[in-house]
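Here's the structure we're looking at; comments come further down.
Each chain gets a letter, A, B and so on, in the order its sequence line appears, and its residues count up from 1. Below, all heavy atoms of this structure are taken into account, side chains as well, without hydrogens, waters or symmetry copies.
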Amino acid sequence: MTALAIVFMIIAMLTIWGGLALSMLNLSRHPEPEEDEEYLADNAT
Amino acid sequence: MSTPSSLKGGPAAPKKRETFSSRKLFILSAVGSAVGLGNIWRFPYVAYENGGGAFLIPYLVAILCAGIPLLFLDYAVGHRYRGSAPLAYRRLNRKAEMIGWWQVLICFIIAIYYAAIIAWAAMYCWFSINKAWDNNADGAGAFFQGDFLKVAEGAGVSFEYVPNIFVPMLAVWLITVIIMVAGVNKGIARANAVFMPLLIVMFLILVIQSVFLPGAAEGLNAFFTPNFEALLNPGVWAAAFGHIFFSLSVAFGIMITYSSYMKRKSDLTGAGYTVAFANSSFELLAGIGVFAALGFMAHNTNAAVGDVASGGIGLAFIAFPTIVSNAPLGSLIGVLFFGSLVFAGLTSLISILEVIVAAFQDKLGWNRKAATLVVTIPVALISLVLFPTTTGLYLLDTMDAFVNQFGILAAALVSVIVVGAGLGALPKLAKHLNRFSSVKVGTGWRVLVGGIAPAALGYMLINEIQTKLSEQYSGYPAWFNGIFGWGMAGLLIVGALLLSLIPWSRSSKVSDPEFEGYQKAVERDEVPETSGKEY
């Protein structure tokens, strides 16, 4: 492969796969909150 | 089954709406939907044709400025109004219901031909082992059209069936119907939990094998070498926006439907980023695998990569068989490649069908099993009548081209204009997104969805109308494109209007005590002002 193609391959990998890694890291830092309500009961009155 | 009394007498839906049991399963299913045939056979060629490595720039701009913002819009509508596309739009505003039915009908058209391509790919897994195409002296292209599809001369409609396509299509429909009947968690989520890891592992092995083929480096050079002049061409930017738009499966009901099954306190934007980047990550991998293999093909025939590069059906069913026949361990490459197409296709087909199933489930107020069977069996029958024939390829080609442009694209444009400028619903939806989301949306998001997205979609649509009016699509007869292209696309709009005029019965989900409770809870969650990172 030419140097230019390698550079662009690395940039593409860093931005796209890096973007996936960052977004997954962001999710893991915000764990799913517990669901606390039953909406039917909420509206029972 | 169509009398009002039998509607009321249908097996009633349970009071509680189904939900994905975890965030992970939602993300897996949403990625399964977004990663489809287009990621494997469309993206590599689009990127190569539009600047190679330089395409990364418009591509990233399109993801951030249109793809992700539109994905958030779908999530917001589906999650806030917790319904299938027609019901969610109706709850947003009664007049918007028709957009939802339009999306349902678009999904119907896509579903009937998508199953055919999955069936072809399944057959090609088998052909990769026995190399059936080697028996045709004129090559894999002649084998595909002549021996396999037995394509009739000239576009038309024939009812001459090809058993080699009918049988695998029947199998595809049986598997899909079983998954759909099982429901959101036991069917859709479970299928994605099995197929997606399998797809990723198979595809990774394929890519690793491809990059070690002789000539692979030349293929990757062709794919990654940037052509910066391409960036001055508006067509390249339109290609990037168009690709992202179709690739993420935004704005045709799927993401509205899937997000309606998310729990109340979901981090919608955090999940959206992950889905969008996972979709692109797979595409990049596909670009590497496909161009490494094309590099081998060029090396093998002493041609330039540009001469063998192709996309779509030509890449999968003509170029890849040639590679399979000549490469070391070619059968393995074939099974992995066509197997990946099958799994990527199945997980997308499931999501497309779910748009229709959910809509009828809400409208009829029936339980999962009854509503699924009432929807999927007729869809499967229509698909099996029209596509395993000697004219299936023509029909597929025209329907695909027209439903993409004058279905998906047109419906997307109408929906962003109606939701944004028409109903002024974006601030309300932004508030909904911001309740539990790790990335907050603000003015930027409203400008992108309300301004940039309609401008980009409108530009693409006008371009497409001009192209389709200036020449007969694929050189088919005018009557053929007129009925199955223009006529079909027009009929979707008329059908949507008619469906939106049918009143919702008392047993339907339009009056749903669970939703009323949900809505109150959601409104309590809303935070008065945005804080933290803003989109």
Subject >> Residue, of B/Leu56, B/Asp267, B/Thr225, that accumulates the most heavy atom pairs under 4.5 Å with chain A >> reply: B/Leu56
Original post:
In Å and rounded to the nearest 0.5 Å, what is the CZ to CD1 distance from A/Phe8 to B/Ile57?
Top reply: 6.0 Å
Original post:
Would a 4.5 Å heavy-atom cut-off, applied to side chains only, mark A/Glu32 and B/Ser22 as touching?
Top reply: yes
Original post:
Are B/Ile27 and A/Leu27 side-chain neighbours, meaning at least one heavy-atom pair lies under 4.5 Å?
Top reply: yes
Original post:
If you check every heavy atom in residues 279-289 of chain B against those of chain A, which residues fall under 4.5 Å?
Top reply: B/Ser280, B/Ser281, B/Leu284, B/Leu285, B/Ile288
Subject >> Residue A/Ile6 versus chain B: region with a heavy atom under 4.5 Å >> reply: neither
Original post:
So which heavy atom on A/Ile16 is nearest to which on B/Phe277, and how close?
Top reply: O-CD2, 3.7 Å
Subject >> Neighbour count >12 (heavy atoms, 6.0 Å) for atom CE, A/Met24 >> reply: no
**OP:** Identify the two heavy atoms, one from B/Phe224 and one from A/Ala12, that lie closest to each other, and give their separation to 0.1 Å.
**Re:** CE2-CB, 4.1 Å
Subject >> Shortest non-hydrogen contact between B/Gly270 and A/Asn26, atoms and distance >> reply: CA-ND2, 4.0 Å
**OP:** Pick one of side chain, backbone, both or neither for B/Phe223, based on which atoms fall under 4.5 Å of a heavy atom in chain A.
**Re:** neither
